[in-house]
J.: 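Can you read through this structure? Questions will come right after.
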Amino acid sequence: MLTIDGFKQALRHAQSEIEANKDTLTDLDRAIGDGDHGINMSRGFEAVVAVLDDDYASLGDLSRKVGMTLMSKVGGAAGPLYGSAFVKAAPKFGDATEADFKLVKEALLEASTAIKARGKSEVGQKTMVDVWEPFLSDLSEADDFDAKLDRLVGETEDMIATKGRASYFGENSRGTVDPGALSSSIVLKAIMKEVE
Ligand code: ADP
Ligand code: MG
């Protein structure tokens, strides 16, 4: 079950993991982008943690607030993508104050669909979509979530980017893990840990 407190805990955990991986995210984005993804995500999740002391009536309210915060604070390409993910997951959570595995999966599927719609992107383009969509498409409660996420992040290394800034690197984008894929795995791991 994911409760409101559990969701808050997941977001705090995500923030500390992003902080711990800030330099890695920045290095990856320096290799196939402009080197700001670690800074962008760190700024965004610090702002998220700052709104967690407020009271929320439902998981939907909290998810909407998180999305709005990420949208305004992360910046870059990733800000609107993460922002719309949490905003679009909110109606699926609705008024619920706790969500079982099935509802969490449905809400995260809405988030994944929102990322693809906002980014006009699909699997195989070496973006965060390569983590979100395959992670959720056949997700089962029995899965080893962390192992699956690690595998999906690793699989972006051999891909050639055809969306976002990394696409300017063409063939040279091969050989580097996508930074947004790594940050997505961090966020999803933190959420799934609270659902278990
Ligand atoms: P920017 O590229 O503007 O500097 P960030 O560095 O914060 O923004 O984020 C880059 C990440 O955003 C990429 O690693 C990729 O995962 C994701 N991304 C960029 N463009 C798209 C897109 N069109 N669809 C999905 N994800 C994208
Ligand atoms: Mg960048």
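One-based numbering, in listed order, for ligands and for the atoms of each. It should be emphasised that the depicted structure is a prediction, and the values quoted were computed from it without experimental measurement.
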J.: Taking only heavy atoms of Asp29, which atoms of ligand 1 are found under 4.0 Å from at least one of them?
T.: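 With Asp29 as reference, the close atoms of ligand 1 come out as 6 (O).
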J.: Within the 4.0 Å heavy-atom shell around Gly119, which atoms of ligand 1 are there?
T.: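 So the answer, numbered in order with elements, is 22 (C), 23 (N), 24 (N).
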J.: For atom 24 (N) of ligand 1, what is the closest protein heavy atom, and at what distance to 0.1 Å?
T.: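 Nearest protein contact, heavy atoms only, for atom 24 (N) of ligand 1 is Ser121 OG, 2.7 Å.
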J.: Is any NZ, NE, NH1 or NH2 atom of the basic residue among Lys105 and Asp100 found under 4.0 Å from an Asp or Glu carboxylate oxygen of the other?
T.: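 Result for this pair is no, no salt bridge flagged.
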J.: Answer yes or no: does an N/O atom from Asn40 fall short of 3.5 Å to an N/O atom of ligand 1?
T.: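 Asn40 vs ligand 1: N/O contact under 3.5 Å present.
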J.: Give a yes or no on whether the backbone of Val74 and the side-chain of Arg43 come within a donor-acceptor separation of less than 3.5 Å.
T.: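 Flag set: sc Arg43 to bb Val74 pair under 3.5 Å.
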J.: Nearest to atom 13 (C) of ligand 1, what protein heavy atom do you find, and at what distance?
T.: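 Protein heavy atom at minimum distance: Asp178 OD1, 3.5 Å.
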J.: Contact between Gly33 and ligand 1, counting heavy atoms under 4.0 Å?
T.: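 False for this residue.
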J.: Is there a donor-acceptor pair closer than 3.5 Å between any side-chain N or O of Lys126 and the backbone N or O of Thr162?
T.: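 Answer holds: no.
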J.: Under a plain distance cut-off of 3.5 Å, with no hydrogens placed, do Tyr82 and Ser183 share a side-chain donor-acceptor pair?
T.: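 A pair is found: one side chain offers a donor N or O, the other an acceptor, under 3.5 Å apart.
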J.: In the structure I gave you, are the side-chain heavy atoms of Thr97 and Leu59 within less than 4.5 Å of one another anywhere?
T.: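 Of all side-chain heavy-atom pairs linking Leu59 with Thr97, none is under 4.5 Å.
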J.: Around atom 5 (P) of ligand 1, find the nearest protein heavy atom and jot down its residue, atom name and distance.
T.: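 Looking only at protein heavy atoms, the one closest to atom 5 (P) of ligand 1 is His37 ND1, 3.4 Å.
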J.: Find all atoms of ligand 1 within a distance of less than 4.0 Å from any non-hydrogen atom belonging to Asp36, and give their numbers and elements.
T.: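 Counting atoms of ligand 1 from 1, those under 4.0 Å from Asp36 are 4 (O), 5 (P), 6 (O).
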J.: Quick test of your reading of the model: are Arg174 and Asp158 salt-bridged, counting only N-O distances below 4.0 Å?
T.: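 No, no charged N to carboxylate O under 4.0 Å.
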J.: Which of the atoms in ligand 1, numbered in the order shown and given with their element, are less than 4.0 Å from a heavy-atom of Asp34?
T.: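 Every atom of ligand 1 under 4.0 Å from some heavy atom of Asp34: 4 (O).
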J.: How is the N/O/S atom of Asp29 that comes nearest to the Mg ion (ligand 2) named?
T.: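 Within Asp29, restricted to N, O or S, the Mg ion (ligand 2) is closest to atom OD2.
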J.: Starting from atom 19 (C) of ligand 1, what is the nearest protein heavy atom, named by residue and atom, and what distance separates them?
T.: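 Protein heavy atom at minimum distance: Ala77 CB, 3.7 Å.
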J.: Taking the N/O/S atoms of Asp36 one by one, which is nearest to the Mg ion (ligand 2)?
T.: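 For Asp36, the N/O/S atom sitting closest to the Mg ion (ligand 2) is OD1.
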J.: Going by atom types only, do Glu19 and Ser42 share a side-chain donor-acceptor pair under 3.5 Å?
T.: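 Yes.
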J.: I'd like to check whether Gly180 has a polar contact with ligand 1, where a contact means an N/O of the residue lying under 3.5 Å from an N/O of the ligand.
T.: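 Yes: some nitrogen or oxygen of Gly180 is under 3.5 Å from one in ligand 1.
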J.: For the residue pair Leu152 and Asp130, establish whether any side-chain heavy-atom pair is separated by less than 4.5 Å.
T.: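 Side chain of Leu152 against side chain of Asp130, heavy atoms only: no contact under 4.5 Å found.
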J.: Quick one: do the Thr26 and His37 side chains pair a donor with an acceptor below 3.5 Å?
T.: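 The answer is no; no qualifying pair exists.
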J.: Return the residue, atom name and 0.1 Å-rounded distance of the protein heavy atom closest to atom 17 (C) of ligand 1.
T.: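 Of every protein heavy atom, Met128 CE, 3.9 Å lies nearest to atom 17 (C) of ligand 1.
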J.: Heavy-atom distances under 4.0 Å are what count here, so tell me which part of Arg165 touches ligand 1: side chain, backbone, both or neither.
T.: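 For Arg165, only side-chain atoms sit under 4.0 Å from ligand 1.
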J.: Do Phe45 and Val187 make a side-chain contact, defined as non-hydrogen atoms from C-beta onward lying under 4.5 Å apart?
T.: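 A side-chain contact exists here, since the closest heavy-atom pair is under 4.5 Å.
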J.: Please name the atom of Asp34, limited to N, O or S, that comes nearest to the Mg ion (ligand 2).
T.: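 Per the distance ranking, Asp34 contributes OD1 as its closest N/O/S atom to the Mg ion (ligand 2).
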J.: Taking 4.0 angstrom as the limit, do Asp144 and Lys189 come out as a salt bridge?
T.: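 Salt bridge flag = no for Lys189 with Asp144.
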J.: Do any nitrogen or oxygen atoms of Ile115 lie less than 3.5 angstrom from nitrogen or oxygen atoms of ligand 1?
T.: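 Among all N and O atoms of Ile115, none is under 3.5 Å from an N or O of ligand 1.
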J.: With atoms numbered from 1 as shown, which atoms in ligand 1 lie under 4.0 angstrom from a non-hydrogen atom of Gly76?
T.: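 Within the 4.0 Å cut-off of Gly76, ligand 1 contributes 3 (O), 8 (O).
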J.: Which residue and non-hydrogen atom of the protein lie closest to atom 20 (N) of ligand 1, and at what distance in Å?
T.: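 Going atom by atom, the protein heavy atom closest to atom 20 (N) of ligand 1 ends up being Gly164 CA, 3.6 Å.
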J.: In ligand 1, which numbered atoms sit nearer than 4.0 Å to a non-hydrogen atom of Leu81?
T.: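 Close to Leu81: 18 (N), 21 (C), 25 (C), 26 (N), 27 (C).
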J.: Please assess Phe93 against Phe7 for the test ring pair (Phe, Tyr, Trp, His ring centres under 6.0 Å), listing each intermediate value before the final yes or no.
T.: CA-CA 12 Å; Phe93 283 127; Phe7 197 2; 5.8 Å; yes
